[in-house]
There are 2 protein chains.
Amino acid sequence: MSANIYWTIYNDYAEKIQNGDIPAGAKIPSESELADSYGTSRETVRKALGLLSQNGYIHKVKGKGSFVLDLGKMKFPITGLISFKEMSERLGRKSRTLVYKTERVPASRVISAHLDLNEGTTVWEVIRSREIEGERVILDKDYFVPERVGTLTPEIAARSIYDYLENTLNLSISYAKKEISVEPATPEDRALLDLNNLSHVVVVRNYVYLEDTTLFQYTESRHRLDKFRFVDFARRAH
Amino acid sequence: MSANIYWTIYNDYAEKIQNGDIPAGAKIPSESELADSYGTSRETVRKALGLLSQNGYIHKVKGKGSFVLDLGKMKFPITGLISFKEMSERLGRKSRTLVYKTERVPASRVISAHLDLNEGTTVWEVIRSREIEGERVILDKDYFVPERVGTLTPEIAARSIYDYLENTLNLSISYAKKEISVEPATPEDRALLDLNNLSHVVVVRNYVYLEDTTLFQYTESRHRLDKFRFVDFARRAH
DNA sequence: CAGTGGTCTAGACCACCCT
DNA sequence: GGGTGGTCTAGACCACTGC
């Protein structure tokens, strides 16, 4: 996005690796070579390579060089704050969003606790299900602090709320906490999802914070058991 | 671990935050102040603060400063390559490990595929269940490439295999990929876990790589649905 | 305006690897 | 010994927030 040099280098190589232009196991140019070829300093190159390493694109070995990993392919993310729309587009699957509710409602005890508000405070409630290849397999229940989001409409909810928040309202999402657990299906789950008699659902609770560290969204994503998948890449602490 | 300056700063503040010595919302000293007080340069301080930020301890705001987040408490990890033993100790729960099997066996078709070996190659198979507060809720099935691990014994398996690998064999684990899904319980799950009639288990497949990028361990961690929990902290891409 | 974090530079020394 | 990545320095300029 920015005109940062390290960001340019990062994207150049992330793309080359994802496209397979540089095969898994291959060595990328040394830090000094990259510094020369991009006309920058080694520390700046190192910033880019650090990002590539963190995100599972490369692996750096002292004394030898940096090598391409073969994990770049299935970067299947619930990880990393990616939206349903981005995800289904990336996978090229036929998908559809069904909007059940887009309303301002008083927060229930549970919801107000999740959003750290007083019970009864007005919040936006958006309830949608996600249909993939003809089956409703995800139920998304979103709650927003109303001062931040202005007015939501079913049309916005059907497209991408994140698009609207980031590009129209210029809110900048900063970080989020996710909790994954498995819980018994509720009557609502049975009504709005095609559960096929499965007794439980995977629940992903997502707390989204803005740049000023205020919590402004709580989302409960309820997945049919057999359609849930989560991939995580982790480097050893040190 | 190392005598690195940035590592020292990171640990100092990670500890202060975890202990509550610096409360959530408080501002930590500016980068220049930290550089002075640690007798180092600003870039080195920035490296430490970058780590604190990534791990959810602080949040940096341009023009204002760095502020403590309140997520440091329940850093409940399957995230980050932490072992069962470390985890249960951290939580102070009564737990026990039951070792069912510690043997060299020819790899099945499935296992050889996971470890990228030829079918029938000899691998170490370790099967253990984890009992927490009297119930067996996790079934761990580990497979190791034998050239790397030498000899495993039930005694080692009962303590911590990672301890043995890292401190005795001096293998250095580098990175890992995890996949989480939910699958029907197998007869083995029913035999070795206290499933309470639950029909499915959460399966965490873990692929562990060494510094030289070779895959050397595949682990299948099978959790009872109601005892599974996963927490993830993520910063927005940019 | 002074103070903050974000980016970048042009060096330096070290530890490690390979030949 | 020459090449590599890991750490660190002492500056610089910018963009942003606050007063």
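Proteins come first, then strands; the chains are lettered A, B, ... in the order of their sequence lines, and each starts at number 1.
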Self-check item: Test item: Pro106(A) and Thr122(A) side chains (from C-beta on) under 4.5 Å apart, heavy atoms
Solution: no

Practice problem: Tell me whether the OP1 or OP2 atom of dT4(C) has a side-chain N or O from Ser66(B) closer than 4.0 Å. | Solution: no

Quiz item: Taking atom types as modelled and ignoring hydrogens, do the side chains of Thr97(B) and Arg130(B) form a donor-acceptor contact shorter than 3.5 angstrom?
Solution: yes

Quiz item: What's the CD1-P distance between Ile28(B) and dT4(C), to the nearest Å?
Solution: 12 Å

Quiz item: Looking just at side-chain N and O atoms, do Thr121(A) and Glu119(A) make a donor-acceptor pair shorter than 3.5 Å?
Solution: no

Self-check item: Bracket notation of DNA chain D in which parentheses pair within the strand, [ ] cross earlier pairs, and | pairs with another strand (Watson-Crick or G-U, under 3.5 Å)
Solution: ||||||||||||||||.|.

Quiz item: How many Å lie between CD on Glu31(B) and C1' on dT7(C), as a whole number?
Solution: 11 Å

Quiz prompt | d(OH, Tyr10(A); P, dG6(C)) in whole Å | solution = 18 Å

Quiz prompt | Of residues 35-51 of chain A, the positions that come close to DNA chain C - non-hydrogen atoms, cut-off under 4.0 Å | solution = Gly39(A), Thr40(A), Ser41(A), Arg42(A), Glu43(A), Thr44(A), Lys47(A)

Quiz item: Nearest-Å distance, OH (Tyr6(B)) to C1' (dC14(C))?
Solution: 14 Å

Quiz item: Got a sec: does the CG of Asp116(B) have more than 12 other heavy atoms crowding it under 6.0 Å?
Solution: no

Exercise. Report yes if a side-chain nitrogen or oxygen of Lys60(B) is closer than 4.0 Å to either non-bridging phosphate oxygen (OP1 or OP2) of dG6(C); otherwise report no.
Key: yes

Practice problem: Rounded to the nearest angstrom, tell me the gap between atom CG in Asn4(A) and atom P in dG6(C). | Solution: 11 Å

Practice problem: Tell me whether the OP1 or OP2 atom of dG5(C) has a side-chain N or O from Lys64(B) closer than 4.0 Å. | Solution: no

Self-check item: For Tyr10(B), the option from Tyr13(B), Trp7(B), Tyr6(B) that meets ring-ring contact (aromatic ring centres under 6.0 Å, His included)
Solution: Trp7(B)

Quiz item: Can you tell if the side chain of Tyr209(A) reaches within under 4.5 Å of the side chain of Thr214(A), non-hydrogen atoms only?
Solution: no

Self-check item: Value in whole Å for how far the P atom of dG5(C) lies from CD of Glu211(A)
Solution: 14 Å

Exercise. Answer yes if the ring centres of Tyr175(A) and His59(B) are under 6.0 angstrom apart, and no otherwise.
Key: yes

Exercise. Determine: side-chain N/O of Lys62(A) to OP1/OP2 of dC17(C), distance under 4.0 Å, yes or no.
Key: no

Quiz prompt | Protein-nucleotide distance (Leu34(A), atom CG; dG3(D), atom C1'), rounded to Å | solution = 14 Å

Self-check item: Row check, Tyr207(A) ring normal vs Lys177(A) NZ/CZ: under 6.0 Å, within 45°
Solution: yes

Exercise. Whole angstrom is fine here: how far is it from NE2 in His59(A) over to P in dC17(C)?
Key: 12 Å

Quiz prompt | Ring centre gap for Phe230(A) and Phe230(B) strictly below 6.0 Å | solution = yes

